[in-house]
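Letters A, B, ... are given to chains in the order of the sequence lines, protein chains preceding strands, and every chain is numbered from 1. Hydrogens, waters and symmetry mates are skipped; everything else that's a heavy atom, side chains included, is used.
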Amino acid sequence: MKRRTRQQLEKVAVITESPDDCRRTWDAVEYIMEPLEERYDVTRISVLDTDPKNGKAATKTEIKNARDDVIGAIAGFKYVVIVGNTPLQVITGKAGISKLRGRPIKQDGHIFLPMNNPGIIRHDDKQETLLNADLQFFDDMVKFGGIPEAKDLHFRIVMSDDDVEEMIADLRGAVSYDIETTQLYPWQTQKLNDRTGEWELNPEPKIVSLGFGTARNQWCVPVNHPQSPWTQDEVEEMMDRITEKRDDFFLIAHNGKFDLLWTWVHLGVKWELDFDTMLAHFLLDENMRHGLKYLAQVYCGAPDWEIDLTEKQGMNVPLKKHCKYLAHDLYYTRKLRYVFGKMLKDDWEVKRVFDKIMMPCANLFVEIEYDGVFIDMDQFGEAEEVLREQYEAALAELEEWEPDHYVKKNGDVYYFKDARRKNDPTRFNWGSTDQLRWLLFDHLGIEPLDKTDAGGYSTSESVIKRLDHPCTEALLRFRAAKQQLSFFIDGWKPFLHQQSRGFYLHPSFKLHGTVTGRLSCEHPNLQQVPRDPRIRSLISAEKGWTLIQCDLSQAELRIAAELAREPAMIHAFTHGIDVHWLTAIREIERGGGLKDLVIGTACRIKGKNDMRYADAIQVLLEVGHEVATEVEKEWKEYRKKAKAVNFGYLYGMWWKKFKIYARDNYGVNVTDEEAEASRTTFFDNYAALPAWHKRQKKYARRHGFVKSLSGRKRRLPEAKHADDTPERRAAERQAINSPVQSFANEVNLMAAIQLRKEYGRNVVKICGTVHDAVLFRVRNDMVEEVYTRMLEIMQWPDLMDEFDIEMVVPIEADGDLGPWGKSISLEKARKVADIHKLSVGQLLDKYPVSAIQEQWKEAA
DNA sequence: ATTGTGGGCGCG
DNA sequence: AAAGCGCGCCCACAAT
């Protein structure tokens with residue numbers, strides 16, 4: 001019986017790296033060999049005769065030598081599974097399993113299917129889904145008798161007026177939408193020609209095609225493809241007609257923010273997206289990747305339909321092939337919506353985050369990116385000039401210590417006068433960490449102070465500051481100027497977009513950018529603009545408008561206090577005491593230090609000659625850091641220090657790191673004992689924190705995830721591990737940090753959504769969010785109203801009630817107006833406006849914020 | 001010529 | 001025994 005069954009099984013070969021791989025070792029057998037052996041007559045072939053020593057990868061020679069044997073061994077097998085990178089290299093001669101896995105390779109009469117080595121599951125159990133998808137695909141392939149063709153689906157290329165009518169009539173129910181474009185940034189930019197010194201326009205970005213996926217068809221409209229019959233006007237007219245029908249269908253897209261932004265910029269119609277499959281999947285599993293093809297493979301068993309980038313960009317590809325690709329995008333986007341829709345239904349809390357925060361944000365950020373941020377080009381030019389001077393000056397000073405040669409890590413000697421390097425061919429490169437490392441620690445013989453993660457000697461700012469050598473000061477100036485130039489001057493130029501009212505940047509926000517739910521930002525990254533006013537104030541507003549920044553004050557600390565139910569913190573927040581200040585004073589009190597400063601400041605505040613230490617501490621706590629700082633400037637530094645301490649300890653920092661922090665940021669050398677005591681004191685002062693930490697760890701360990709107040713999940717599979725590994729520790733720290741970081745960001749997003757809801761784009765243009773702050777421009781006549789209202793909104797956005805959130809700790813918000821980094825408070829603006837007998841709006845129309853600041857100083 | 005990685009550093 | 005979290009960008013250098 002058994003024998004007969006076996007003969008009917010298809011013969012397949014499995015190539016592994018070594019004899020032990022996937023056979024005797026751990027759990028891999030269960031993942032690959034057993035499922036295959038159930039269905040096939042499996043022959044296993046290994047590339048190497050024995051396991052590589054010490055778990056090392058096979059060498060190139062070994063791979064080369066193994067080739068003939070392996071090729072011989074698979075003779076007669078049509079279907080071959082490749083397990084891991086080494087066998088892949090043997091067969092294809094190329095590495096890159098992560099890119100090639102899941103994609104069948106036809107070669108010499110065989111069909112190979114590369115997949116990951118199941119050992120990866122030990123490090124990342126998410127990989128199990130992928131492995132199963134690959135095995136499933138292998139089954140499909142064998143059943144089909146070859147590589148399953150990318151399906152023709154039912155794609156229709158819209159070429160005639162009749163097609164248009166039919167398409168528009170078909171737009172009902174759930175409709176997916178996708179476009180193909182020539183590039184990613186939808187605005188035309190310019191670049192400086194190095195030879196002529198002239199500004200030249202970059203190629204015009206274009207929509208190549210767009211399409212709609214319905215229940216029966218995938219409609220593909222060629223827009224700028226050479227074979228397109230349509231003019232720009234005709235396409236726009238088509239889109240207008242669809243806009244009129246927009247309420248008749250449910251719009252789905254994968255990363256729809258991209259498609260809708262382009263559609264708005266290039267075709268003039270602005271649509272609201274109903275369901276974003278990428279964002280849905282992000283909420284369902286933030287640890288996985290969210291690419292359409294990957295998800296279609298994993299959740300729908302889709303074949304690979306990827307084509308070359310140039311073909312996607314459409315110009316040199318037959319229209320039919322291009323549209324077939326688009327059709328697959330449309331088909332699987334629509335399919336994934338049902339899969340993820342169902343998964344969301346099973347988790348109402350996550351669904352609520354999706355419906356009320358994620359999708360509204362997806363639509364909001366289309367507008368945010370469309371409006372962009374205004375750049376003050378006069379300041380931009382000035383900043384560039386100043387930074388170039390600083391850069392040149394620092395470099396000139398460094399010349400004194402430039403060596404004529406450099407010994408590379410491998411021992412090669414490198415003479416600069418002979419070398420041909422990209423920028424300055426004959427010069428020592430101070431920007432190269434390798435060269436600098438050699439110069440400082442080998443050539444000059446300075447004692448290295450720290451190592452990098454990879455084990456080399458570090459040349460970080462922290463180290464250089466502590467080195468006793470005359471070059472260090474200029475070196476730090478060199479690095480700072482170089483970085484600011486390359487990040488924010490040269491780095492921004494390729495994104496500057498000229499419009500009638502001036503130049504704009506359009507940073508792109510990734511709503512799925514971080515595992516906690518914070519957004520990330522790129523092209524360029526608005527969220528890493530230095531606080532240095534020279535750079536930050538480049539971001540401003542066009543004439544007649546004013547930039548406003550509103551931020552949640554100490555949001556994370558407030559949320560932590562709430563979650564931990566920490567009495568001392570809650571008391572501080574409900575009584576308007578600054579927690580960073582509280583920490584600073586308690587820390588000083590613990591050591592009984594700074595007697596002169598503490599008593600001196602308190603006496604001057606109270607107008608007394610002497611006071612007991614304990615009483616003085618009490619006075620300082622009561623008056624707050626602002627009053628204390630007015631009397632004695634030093635207090636500002638102590639508060640700043642405490643701020644870092646608060647966050648560090650709150651999220652699990654250990655005293656050793658505190659030592660490093662104190663040294664690098666405050667030049668204070670704390671002893672081990674002092675550092676340990678500081679941590680102990682922190683948890684004595686905030687005694688409910690350890691219990692909260694414990695609760696979070698326990699919860700994560702039991703469930704494998706934690707939740708924020710909104711119900712958003714952070715999945716932490718490592719927290720479930722039985723052994724106390726560094727990975728589990730890391731997961732436990734994230735279990736503490738994540739709900740706090742998540743929720744602070746969510747409050748901020750709720751506020752941004754509401755701001756847009758209450759004011760139209762003719763009054764407010766939102767520029768972006770920076771985790772706990774919203775940046776927006778307001779028409780001058782509305783500045784007072786919008787600013788005041790936004791602070792109210794931030795303190796308790798309406799969505800907080802919709803989520804049934806209750807908090808005992810009050811949320812507070814703060815803000816200011818004017819160029820970023822050179823802004824003033826509304827109070828100041830009001831005072832100056834009163835002097836002129838003007839409204840704040842009129843004042844802002846009449847004077848730049850810098851002048852208002854000056855006038856306020858004179859008046860005060 | 002492109003692609004990947006480490007080092008360093010900007011932000012919250 | 002060992003312990004903040006979350007990002008993106010630019011450069012240099014090595015590898016493909």
Side-chain angles (χ1 to χ4, degrees), chain A residues 60 89 93-96 98-99 286 408-410 414 421-423 429-437 450-464 476 479-480 482-492 494-495 507-510 512-532 535-536 551-552 554-556 560 643-658 660-661 679 682 693 697 714 724-742 744-745 748 769-773 821:
Chain A
K60 275 187 187 165
Q89 281 173 277
K94 273 193 239 170
S98 56
K99 265 200 177 158
E286 74 286 353
K408 290 172 90 167
K409 275 181 284 191
N410 60 12
Y414 204 86
R421 300 178 69 78
K422 245 191 197 162
N423 296 325
N429 186 351
W430 290 93
S432 158
T433 46
D434 283 354
Q435 295 188 25
L436 184 62
R437 183 177 299 133
D450 235 331
K451 290 194 172 181
T452 65
D453 289 340
Y457 293 134
S458 167
T459 61
S460 68
E461 186 177 326
S462 154
V463 168
I464 289 173
L476 289 175
R479 268 197 185 164
K482 182 184 158 120
Q483 202 208 22
Q484 293 209 338
L485 269 177
S486 62
F487 273 45
F488 307 106
I489 303 295
D490 296 331
W492 281 4
F495 300 106
S508 174
F509 292 83
K510 268 196 198 149
H512 61 297
T514 81
V515 286
T516 60
R518 272 190 181 183
L519 314 188
S520 70
C521 180
E522 57 188 6
H523 306 144
N525 183 351
L526 184 73
Q527 297 175 328
Q528 62 170 171
V529 178
R531 308 187 82 182
D532 179 346
I535 302 290
R536 199 165 258 215
D551 53 87
L552 300 165
Q554 301 154 45
E556 289 199 17
K643 188 173 171 179
V645 170
N646 274 338
F647 285 117
Y649 288 150
L650 181 66
Y651 296 136
M653 183 174 68
W654 205 241
W655 60 265
K656 278 198 175 171
K657 183 133 186 194
F658 170 71
I660 296 167
Y661 186 86
R679 189 170 186 280
F682 180 85
H693 285 189
K697 289 178 191 177
R714 170 79 181 100
D724 187 8
T725 57
E727 289 77 23
R728 195 181 89 182
R729 293 289 177 140
E732 287 172 348
R733 289 193 297 277
Q734 290 175 51
I736 294 162
N737 170 277
S738 198
V740 180
Q741 199 184 96
S742 279
N745 170 64
N748 197 54
T769 60
V770 191
H771 312 310
D772 60 2

State the pairing partner of C:dG4; accept Watson-Crick or G-U wobble contacts with both distances under 3.5 Å, and report none otherwise. none
Heavy atoms under 4.0 Å, any strand shown: does A:Asp490 hit a base, just sugar-phosphate, or nothing? nothing
Indicate, yes or no, whether a donor-acceptor pair under 3.5 Å links the base of B:dG10 to the side chain of A:Arg531. no
Any A:Thr514 side-chain N or O less than 4.0 Å from OP1/OP2 of C:dC7: no
Which of these passes side-chain hydrogen bond (donor to acceptor under 3.5 Å, both in side chains) with A:Tyr651: A:Glu556, A:Gln734, A:His693? A:Glu556
Could you check how far CG of A:Asp434 sits from P of C:dC10, rounded to whole Å? 20 Å
From CZ of A:Arg437 over to C1' of C:dC13, roughly how many Å is that when rounded to an integer? 11 Å
Mind checking if A:Arg679 touches a base, just sugar-phosphate, or nothing, with heavy atoms under 4.0 Å? nothing
Side chain of A:Phe487 only, heavy atoms from C-beta on: which candidate in B:dG7, C:dC10, C:dA1 is closest? C:dC10
With sugar-phosphate meaning primed atoms plus P, OP1 and OP2, does A:Glu461 contact a base, only sugar-phosphate, or nothing at under 4.0 Å between heavy atoms? sugar-phosphate
Consider the side chain of A:Glu522, meaning its heavy atoms from C-beta on, and name the nucleotide among B:dG7, C:dG8, C:dC11 that approaches it most closely. C:dG8
If only side-chain N and O atoms of A:Arg733 are considered, is one of them under 4.0 Å from the OP1 or OP2 phosphate oxygen of C:dC5? yes
Look at the side chain of A:His771 and decide which nucleotide, out of C:dG6, C:dC10, C:dG4, has an atom nearest to it. C:dG6
For C:dG6, take OP1 and OP2 only and decide whether either is under 4.0 Å from a side-chain N or O of A:Gln734. yes
Ignoring hydrogens and angles, does a donor from either the side chain of A:Gln527 or the base of B:dG12 sit under 3.5 Å from an acceptor on the other? no
Is the number of heavy atoms from other residues, nucleotides or ligands under 6.0 Å of A:Asp724 CG greater than 12? yes
For a quick test of reading the model: is some side-chain N or O of A:Asn737 closer than 4.0 Å to OP1 or OP2 of C:dG6? no
Could you tell me the separation between the CG atom of A:Asp772 and the C1' atom of C:dC5, rounded to a whole number of Å? 14 Å
Would you say a side-chain N or O of A:Ser458 is under 4.0 Å from OP1 or OP2 of B:dG8? yes
In terms of side-chain heavy atoms, does A:Thr452 have a donor or acceptor partner in A:Arg437 at a distance below 3.5 Å? no
Ring-plane angle category for A:Tyr649 and A:Phe682, please: parallel below 30°, perpendicular beyond 60°, tilted otherwise. tilted
Residue A:Pro530, side-chain heavy atoms: nucleotide from B:dG10, C:dG6, B:dG7 that is nearest: B:dG10
Would you mind classifying the nucleic acid contact of A:Lys656 as base, sugar-phosphate or nothing, using non-hydrogen atoms under 4.0 angstrom? nothing
Touch check for A:Val529, heavy atoms < 4.0 angstrom, all strands: base, sugar-phosphate only, or nothing? sugar-phosphate
Under 4.0 Å between a side-chain N/O of A:Thr452 and OP1 or OP2 of B:dG7, yes or no? yes
Could you check which of C:dA3, B:dC9, C:dG6 has an atom nearest any side-chain atom of A:Arg518? C:dG6
Among the nucleotides C:dG4, B:dG7, C:dA12, whichever has the atom closest to the side chain of A:Met653 is C:dG4
Taking only side-chain nitrogens and oxygens of A:Ser432, does any of them come within less than 4.0 Å of OP1 or OP2 of C:dC11? no
Rounded to the Å, how far apart are A:Leu519 CG and B:dG12 C1'? 12 Å
Taking atom types as they are modelled, is there a donor-acceptor pair under 3.5 Å from the base of C:dC5 to the side chain of A:Gln741? yes
Side chain of A:Arg536: nearest nucleotide among C:dG6, B:dC11, C:dG4? B:dC11
Just the rounded figure in Å: distance from C1' of C:dA14 to OH of A:Tyr414. 13 Å
Measuring only between side-chain heavy atoms, which start at C-beta, is A:Val529 closer than 4.5 Å to A:Trp492? yes
Looking only at heavy atoms, what is the nearest atom pair of A:Arg479 and A:Glu461, with distance? NH1-N, 3.9 Å
Taking the side chain as every heavy atom from C-beta outward, state whether A:Thr516 and A:Asn745 have any pair of such atoms under 4.5 Å apart. no
For atom CG of A:Asp453 and atom P of C:dA3, their distance in whole Å: 11 Å
A:Ile464 CD1 to B:dG7 P, straight-line distance once rounded to whole Å: 15 Å
Check every atom of B:dC9, C:dG4, C:dC9 against the side chain of A:Asn525 and return the nucleotide holding the closest atom. C:dC9
Could you state the atom-to-atom distance from CD1 of A:Ile489 to P of C:dC9 in whole Å? 17 Å
For a quick test of reading the model: is some side-chain N or O of A:Arg479 closer than 4.0 Å to OP1 or OP2 of B:dC9? yes
